[in-house]
Amino acid sequence: GQKDSYSETSKEAFDTAIQRVAGMLQRSDQLDKVEQYRRREARKKASVEARLKAAIQSQLDGVRTGLTQLHNALCDVKDIQNSLADVSKDWRQSINTIENLKDVKDAVVQHSQLASAVENLKNIFSVPEIVQDTQNLIEQAELLQAHRKLMDLECSRDDLMYEQYRMDSKNTHDMNLIGGYFGQVQSLSEELAKQLWMVLQRSSLTVRQDPTMLVSVVRIIEREEKIDKRMLDRQKQTGFIPPGRPKCWKKRMFQVLEGTVSTRIEGTQSETRDSNKMWLVRLLEITRKYVLDDLIVVKNMMAHCFPPHYNIFRVSFHLYHVALSTRVQELATDELLEANEIVSLLTWVLNTYKSVDMMGHPDLSSECDVNQLEPLLPQSVVDDLLGKYIQTFTSNITGWLRKALETDKKDWHKDTEPEADQDGYYQTTLPAIVFQMFEQNLQVAAQINEMFKEQVLMRCLVQMSQFLSRYRDEVIAYKDEHLKDRQLPQFYVQYMIAMINNCQTFKESINSLKRKYSPCMEPTQNDAAIERTLNEVAKEGCQFLLDEVFLDLEHHVIGWMNLPFCGTNVSRYVCQEMTSEAHRRVVVEYIKAVMQKRITFRNAEERKEGAERMIKEAEQFKFLFRKLSGEDTDQLCDAIAALAEVFKLTDPSLLYLEVSTLVSKFPDIREEHIVALLGIRGDASRDMRQMIIETLNQNKPSVSSNSQPIFKDITVPTISMTAMTSMTVPKLLK
């Protein structure tokens with residue numbers, strides 16, 4: 001097979017050579033270079049053969065080296081086998097000898113124990129004396145020296161016990177004997193620990209008065225931590241641990257600090273709800289001051305008494321936070337918390353606690369970030385408190401509003417006029433009292449957060465809507481009661497005017513509250529209900545006043561009809577004349593009041609509302625005087641309706657036609673009357689007013705002998721065109 005493979009390889013090489021030669025001699029001019037090609041190929045062949053020989057030689061050297069190493073390894077294995085055989089033989093021969101050395105081993109252990117006993121012999125004999133000295137040093141507050149002696153005692157005891165454990169770990173009798181001899185050592189350790197904890201409990205005071213004492217305590221704890229570590233390491237190796245170890249005084253130290261902080265927080269309450277209504281405010285303020293003062297002392301003074309790896313400030317910061325959280329949760333679960341106390345607590349928890357006045361103080365912020373603190377109260381507890389406050393507030397505000405209305409109702413029956421504000425408008429104290437209540441509660445709510453403030457504002461508005469419904473009912477009841485005996489109350493009209501004025505005050509106060517506490521609040525159905533109720537109270541109050549006027553008017557006119565001289569024809573004529581004159585005077589005085597009042601309508605809706613009211617009252621006049629005289633009384637009252645039509649007109653461009661109609665019906669109307677009417681409309685431009693006046697002057701109709709003069713007795717204060725400005729009278733004057 002190898003021969004065939006060699007033949008194939010030779011043939012393949014021969015074919016390749018033929019191809020290369022053919023490639024070199026494709027052109028005739030290449031025949032001259034045959035010798036050159038032959039030498040080049042000879043050099044390549046020699047080079048390949050040289051590389052091949054080198055590779056084969058290298059392989060042969062590697063094989064030779066491998067064989068040598070295998071030979072040496074074989075020799076080494078044989079030597080090891082021989083050595084193992086010798087060791088096995090020696091071991092079997094040494095078994096008996098090792099067993100015979102047990103006595104030597106026991107002697108070594110005993111020697112070690114005796115050596116330890118000799119070394120501690122002086123301490124052993126002086127144990128009672130050292131115990132007494134240590135006790136004295138503890139009582140004298142020489143804690144470092146006391147601890148050094150305690151360490152000596154514990155070292156002697158522990159060494160003896162360790163040697164006894166090594167010799168015979170099951171010999172409890174000897175162990176107990178040693179423990180009994182050193183029995184007072186454990187009590188000394190506990191006594192020293194008590195002194196350490198007492199110093200730590202007063203650490204904030206000690207660090208100011210005697211910082212070296214605090215440093216000594218920390219050094220002792222550090223020593224004990226190192227001894228604990230050493231004893232635990234030896235336990236892993238030998239299984240022996242001295243009694244009372246590990247002491248874990250460092251862990252105990254932090255527990256004492258935690259208890260001290262808790263006691264400090266709990267001890268800030270010096271008053272109760274029964275002794276002082278402001279007990280919670282005082283408690284929270286005292287707590288704030290104590291915590292801030294304590295933490296500043298820890299940062300600036302105590303931190304220098306502890307090793308850096310203790311992180312004593314961060315630990316204390318956390319301990320105070322946990323203690324405060326526990327305390328405020330206890331306060332939050334008090335079922336007797338009142339509304340103002342809930343607000344005080346939540347304001348302190350949500351705002352004061354993390355502010356610069358407490359945990360966010362500049363002296364503390366460099367070490368701890370208050371934003372990383374967990375909330376003092378869980379959100380569920382905060383929500384419960386807010387819900388409880390809303391519930392209590394709603395109940396309280398309902399009672400306050402009811403009481404305020406009852407107080408105001410008593411004032412309605414006084415035998416003195418209601419007070420007037422600085423502008424001369426009658427008013428009662430009800431709006432001021434109501435909104436003072438709202439303002440106080442909203443100021444309190446704003447201290448908590450924006451969302452809660454808006455909730456309280458909404459609740460105020462809901463209560464306001466319900467209150468205004470009751471207010472309206474009471475105004476109606478007041479009117480009904482007056483109609484039973486119109487002599488009472490004495491100042492019914494004045495108080496009714498005050499009630500109407502209150503409506504405007506209520507509107508202004510509500511808008512003021514909304515602008516101040518929720519400027520972005522969208523209008524609600526509740527707002528519409530409040531607006532509607534206030535408008536109804538004002539309109540109904542005005543109607544009650546008009547009813548009062550008409551009742552008086554009807555009474556007096558009927559009185560004229562019942563005079564003694566009304567029994568004859570002449571007297572009937574006189575009565576008719578008196579009724580007619582009364583009718584005329586009522587209409588004239590009404591128109592005079594409209595023109596002289598200088599009311600200016602602000603928009604089409606107000607013009608329409610005023611016009612409709614005038615038309616309605618004109619109809620009432622007609623009905624009354626038709627009833628009294630039995631004759632047609634429309635002409636005089638139509639003057640009022642005609643004025644109303646001027647006001648009611650929606651298209652200012654038609655004003656000239658409407659005014660012309662008015663002038664044609666009542667030719668005694670003068671220029672100043674027209675100016676006053678246009679001024680009351682409020683939407684006629686200066687040019688339009690001038691044009692209307694000039695046109696009317698050019699086409700002034702003649703006074704008919706049949707027309708009944710109305711406007712000739714009505715004087716209007718002179719007012720120039722440029723002096724007409726928009727004026728409003730939102731309330732009723734005295």
How about Cys155 and Asp159: do any of their side-chain heavy atoms sit closer than 4.5 Å? yes
Tell me, with the steps shown, if Phe306 and Phe313 meet ring-ring contact (aromatic ring centres under 6.0 Å, His included). CA-CA 10 Å; Phe306 289 79; Phe313 176 72; over 10 Å; no
Between atom CD of Gln372 and atom NE2 of His321, what is the distance when rounded to the nearest 0.5 Å? 11.5 Å
Check whether any side-chain N or O of Ser58 sits under 3.5 Å from a backbone N or O of Ala55 as a donor-acceptor pair, and report yes or no. no
Quiz question: by atom type and distance under 3.5 Å, do the side chains of Glu285 and Trp348 form a donor-acceptor pair? no
Inter- and intrachain pairs under side chain to side chain donor-acceptor pair (under 3.5 Å), touching residues 293-308, at least two apart: Arg264-Asp294, Lys289-Asp293, Asp294-Tyr320
Does atom CD of Gln184 have more than 12 heavy-atom neighbours, drawn from other residues, nucleotides or ligands, at distances under 6.0 Å? no
To check you understand the geometry: which heavy-atom pair defines the closest contact between Val297 and Ser204, and what is its length? CG1-O, 4.1 Å
Compare every heavy atom of Ile227 with every heavy atom of Met151, then report the nearest pair and how far apart it is. SD-CD1, 3.7 Å
Which atom of Gln201 lies closest to which atom of Val256, heavy atoms considered: CG-CG1, 3.7 Å
Thinking salt bridges, do Arg219 and Glu222 make one under a 4.0 Å N-O criterion? no
Any side-chain donor paired with an acceptor under 3.5 Å for Gln329 and Ser325? yes
Using side-chain contact (heavy atoms from CB on, under 4.5 Å) as the criterion, list what pairs up with Thr268, not counting sequence neighbours. Leu283, Ile286, Thr287, Tyr290
What's the spacing between Tyr162 OH and Met231 CE if we round to 0.5 Å? 10.0 Å
Heavy-atom pair of closest approach, residues Leu336 and Arg273: O-NH2, 3.5 Å
Test: salt bridge (charged side-chain N to carboxylate O under 4.0 Å, His left out). Region: residues 71-89. Which pairs qualify, not counting sequence neighbours? none
Begin with the C-alpha distance, continue with both residues' side-chain angles, and end with the deciding distance and a verdict on side-chain contact (heavy atoms from CB on, under 4.5 Å) for Met359 and Phe317. CA-CA 9 Å; Met359 305 303 265; Phe317 197 85; 3.7 Å; yes
Ser365 side chain to Pro362 backbone, donor-acceptor under 3.5 Å: yes
Tell me, do Leu74 and Leu70 make a side-chain contact under 4.5 Å, heavy atoms counted? no
Sub-4.5 Å side-chain heavy-atom contact between Asp152 and Thr134: no
Minimal non-hydrogen separation, Phe452 against Asn449, with atom names: N-OD1, 2.7 Å
Derivation of the side-chain contact (heavy atoms from CB on, under 4.5 Å) call for Leu346 and Tyr389: CA-CA 10 Å; Leu346 287 177; Tyr389 175 83; 5.9 Å; no
Which residue pairs pass the salt bridge (charged side-chain N to carboxylate O under 4.0 Å, His left out) test with at least one member in residues 365-386, sequence neighbours excluded? none
Output every pair passing salt bridge (charged side-chain N to carboxylate O under 4.0 Å, His left out) with a member in residues 57-70, not counting sequence neighbours, ordered by first then second residue. Asp61-Arg64
Would one find more than 12 heavy atoms of other residues, nucleotides or ligands at under 6.0 Å from atom CD of Gln379? yes
Is the ring pair Trp197/Trp249 parallel, tilted or perpendicular, if the boundaries are 30 and 60 degrees? perpendicular
Between Glu330 and Arg327, does any NZ, NE, NH1 or NH2 come within less than 4.0 Å of an OD or OE carboxylate oxygen? yes
Is there a donor-acceptor pair under 3.5 Å between the side chain of Arg157 and the backbone N or O of Val185? no
Look at Lys11 together with Glu8 and state whether they make a salt bridge at an N to O cut-off of under 4.0 Å. no
Assess the residue pair Arg223 and Arg148 against the criterion (side-chain contact (heavy atoms from CB on, under 4.5 Å)); give the C-alpha distance rounded to whole Å, side-chain angles, the decisive distance to 0.1 Å, and a yes or no. CA-CA 10 Å; Arg223 288 177 184 173; Arg148 187 172 298 281; 3.2 Å; yes
For the backbone of Arg314 and the side chain of Asn311, can you confirm whether one donor and one acceptor N or O come within less than 3.5 Å of each other? no
If you define the side chain from C-beta out and look only at heavy atoms, does anything of Asp357 sit under 4.5 Å from Leu292? no
Would you say the side-chain atoms of Ser355 pair up with the backbone N or O of Thr352, donor to acceptor, closer than 3.5 Å? yes
Does the side chain of Met358 reach to within under 4.5 Å of the side chain of Leu324, using non-hydrogen atoms? yes
My understanding is that only one of Leu192, Ile220, Ile138 makes a side chain to side chain contact (heavy atoms under 4.5 Å, CB included) with Leu150; could you say which? Leu192
Can you find a pair of side-chain heavy atoms, one from Arg39 and one from Arg43, that are under 4.5 Å apart? yes
Give me the atom names and distance for the closest heavy-atom approach of Gly244 to Gln186. CA-OE1, 4.1 Å
Under a 3.5 Å cutoff, is there a donor and acceptor pairing between the side chains of Gln132 and Asn136? yes
Interatomic distance, CD@Gln135 vs CD1@Ile130, rounded to 0.5 Å, equals 14.5 Å
Out of Thr260, Leu214, Val218, which one pairs with Leu200 under the side chain to side chain contact (heavy atoms under 4.5 Å, CB included) rule? Leu214
Between Leu385 and Leu337, is the side-chain contact (heavy atoms from CB on, under 4.5 Å) condition met? List the steps. CA-CA 9 Å; Leu385 285 177; Leu337 274 183; 4.2 Å; yes
Euclidean distance, Thr326 OG1 relative to Ile265 CD1, rounded to 0.5 Å: 10.0 Å
How long is the straight-line distance from CG of Leu345 back to CG of Leu377, given to the nearest 0.5 Å? 6.0 Å
Verdict with supporting geometry, Ser47 and Arg51, side chain to side chain donor-acceptor pair (under 3.5 Å): CA-CA 6 Å; Ser47 175; Arg51 289 199 301 273; 2.9 Å; yes
Show your working on ring-ring contact (aromatic ring centres under 6.0 Å, His included) between His318 and Phe254 and close with a plain yes or no. CA-CA 12 Å; His318 175 71; Phe254 286 119; over 10 Å; no
Does any N or O in the side chain of Ser88 come within less than 3.5 Å of the main-chain N or O of Leu84, such that one atom is a donor and the other an acceptor? no
Scan residues 232-254 for pairs that pass salt bridge (charged side-chain N to carboxylate O under 4.0 Å, His left out), counting only residues two or more places apart or in two chains. Glu154-Arg245, Glu154-Lys247, Glu224-Arg245, Glu224-Lys247, Asp228-Arg245, Lys229-Asp233
If we only count heavy atoms from C-beta on, is the Val77 to Gln81 side-chain gap below 4.5 Å? yes
Is there a side-chain contact between Met161 and Phe182 in this structure, where contact means two heavy atoms from C-beta onward sitting under 4.5 Å apart? no
Taken to the nearest 0.5 Å, the spacing of Ile312 CD1 from Cys305 SG works out to 10.0 Å
